There are 2 protein chains.
Amino acid sequence: MRYPASETAEKHTRILNEATRLFRERGFSGVSVGEIMKATGLTHGPFYNHFDSKEALMAESLLHGMQKTLDGLETTEGSAKGRAEYVKNYLSGAHRDACGAGCMMAALASEVRQQPQARGPFTTRLKSIVAKTASHFPWPSKRSARGDAIRMVSSMVGALILARAVDDEAFAEEILKEMRRGLV
Amino acid sequence: MRYPASETAEKHTRILNEATRLFRERGFSGVSVGEIMKATGLTHGPFYNHFDSKEALMAESLLHGMQKTLDGLETTEGSAKGRAEYVKNYLSGAHRDACGAGCMMAALASEVRQQPQARGPFTTRLKSIVAKTASHFPWPSKRSARGDAIRMVSSMVGALILARAVDDEAFAEEILKEMRRGLV
DNA sequence: ATTCAAGCATGATGGCCGTCATGCTTTGAT
DNA sequence: ATCAAAGCATGACGGCCATCATGCTTGAAT
C-alpha cells in the first residue's frame, strides 16, 4: 500500500470534517464535491476512494455532526444551572453567526427531508439527542421529562433557524432573547 | 398587445403559485425554472417575460407564501380557543405531510439564510406574522404578548421541521404531540 | 385591413456538477 | 530488489441548469 492505514483514515476524517463544516454553512446542495476536496487540500479525483457518493458522505456527515451535539450534552453539567447555560450558549449571537461550527440540525434539518439517504441517520441521532436531553438534565417530573426535552430541542432549533434567516440583527437578537427567556 | 393584460397578470400569478408550491416541496435549489414553467403549462422561454431572474421569483414567492400565513391568522378566531385550534392545525400530521400547501417558513427558512435576495422579504413578513400573532390572540399579559408570540411561532416552526425530517412516523407524531401539549 | 409589439416556443450557450477512466507514485510486503 | 496495489492528480463525459437569442403568432390599436 502506498500510504499507511493511519494516514488514510486521517484523510477520511479530514474530508468528513470539512464537508460537515461546509454543509452547515451552505447546505448540502450548496457545496460541491470538488469544493470539499479542495478544502481538504486534495483534488476532486480521490473523493471516491473514500466515499461511495456524495449522498453517502451526507449521511455520514450527519452522523458525525450530530454526534458532536451528543458529546456536547455529555460534557455539560447535568443540573438546572448546566441546562440554563446550555440554552444560553445555543441561543447566543455567537452560535447564530457560526453556522459552520454550530448545530447540525439548525443548519440542515429542512434539507434532510428531501434527501432519502439522510433521514435515517438524522432520525437515529435525534432520538439519542432527545433521550440524552431528557435523562441528563433535571426536569419538573420524571414523567414529563421526555416531552420537556422534545419541546426544548424543537424550540431551540426553530428559534435559531428563524434568527439566522432574518436580515435584521435587532430582530434576530430579539428572537433569541425571547426564547432564552422562555427556556431558562 | 397580443394578450389582454388580465391574462398576462393571471399567468404571472400562476407561475408564482406553482413556484411557491414546488419551492415548499423541494426547496429553492431543488426546483428548476423549466420545471416551474412546465407546471404552469408553458415552456421555459417566457419565464423572463414575467420575472427578472430565479432569485427575483424566490423573493416574490416568499412574500406571496408568507402573506398566506398572515391571511390565515386573520381569518382565525381571535380567542384562546381559536389559538388552540390554530396550533393544533399547524402541528398536525396533515400539515406535516402537505409541505407543498403548508407553511413557507417551515419549508424554506434554513435556505433563506443563504439567499441574499430572500432575506429581506422573509424578514418583512416574519415581523408581520409575529406582530399579528401577538395582537390577534389573547395572552397572559399585554407586556409579554410579543415574546409569547415569538416563542409560539419559533416553537411551531422548529417542531414541524424536525417532524418532517424524521424517518419514523411514530417519532414524528410524538414531536408534534408534545409541542401541541406545550402550546395549548 | 394594416401595423406593431407582447408574449409565445424552440433552440443554443456557457458553466457547473457528480462521477468515472487513466496513468503515475510511492511504500509495505515478498 | 522486486512487486503489487492503494491512493493520488489530471482530465473527460454526460447531464442539468439559468439565461439569452431568435423568430413566429396573434389580437389590440390605428
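FYI, side chains are in, hydrogens and waters are out, and symmetry mates aren't considered; it's all heavy atoms of this structure. None of these values were measured; they are calculated from a predicted model. All chains are named by letter (A, B, ...) in the order of the sequence lines, taking the proteins before the strands, and each is independently numbered beginning at 1.
In this structure, A/His95 and A/Tyr90 have perpendicular ring planes: the angle between them is above 60°, well past the 30° mark. The aromatic rings of B/Phe51 and B/Phe47 sit parallel, their planes meeting at an angle under 30°, below the 60° perpendicular limit.
Taking a 4.0 Å limit (strictly below) on heavy-atom distances, residues 37-58 of chain A reaches DNA chain C at A/His44, A/Tyr48, A/Ser53, A/Lys54. A heavy atom lying under 4.0 Å from DNA chain C marks none of the residues of residues 19-28 of chain A.
Note on B/Glu77 versus B/Arg83: no salt bridge recorded, every NZ/NE/NH1/NH2 to OD/OE distance being 4.0 Å or above. Taking the charged nitrogens against the carboxylate oxygens, B/Glu25 and A/Arg113 have no contact shorter than 4.0 Å, which rules out a salt bridge. One finds no salt bridge joining A/Glu74 and A/Lys68 here, because no Lys/Arg side-chain nitrogen approaches an Asp/Glu carboxylate oxygen to under 4.0 Å.
A straight line from NZ of B/Lys11 to P of D/dT26 spans 13 Å, rounded to a whole angstrom. Atom pair A/Glu10:CD and D/dC8:P shows a separation of 11 Å (rounding to whole Å applied). Between A/Ile36 atom CD1 and C/dC16 atom C1' the separation is 15 Å, expressed in whole Å. If you measure from atom CD of A/Glu35 to atom C1' of C/dG18, you get 14 Å, rounded to the nearest angstrom.
The number of heavy atoms from other shown groups lying within 6.0 Å of CD (B/Gln67) is above 12.
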Side-chain donor-acceptor distances from residues 147-160 of chain A under 3.5 Å, at least two apart:
unit_1: A/Asp148; atom_1: OD1; unit_2: A/Arg151; atom_2: NH2; d: 2.9
unit_1: A/Asp148; atom_1: OD2; unit_2: A/Ser144; atom_2: OG; d: 2.8
unit_1: A/Arg151; atom_1: NH1; unit_2: B/Glu178; atom_2: O; d: 2.7
unit_1: A/Arg151; atom_1: NH1; unit_2: B/Glu178; atom_2: OE1; d: 3.1
unit_1: A/Ser154; atom_1: OG; unit_2: A/Ile150; atom_2: O; d: 2.8
unit_1: A/Ser155; atom_1: OG; unit_2: A/Arg151; atom_2: O; d: 2.7
unit_1: A/Ser155; atom_1: OG; unit_2: B/Ser155; atom_2: OG; d: 3.0

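Judged purely by atom type and a 3.5 angstrom limit, A/Ser29 has no side-chain atom pairing as donor or acceptor with the backbone of B/Ser29.
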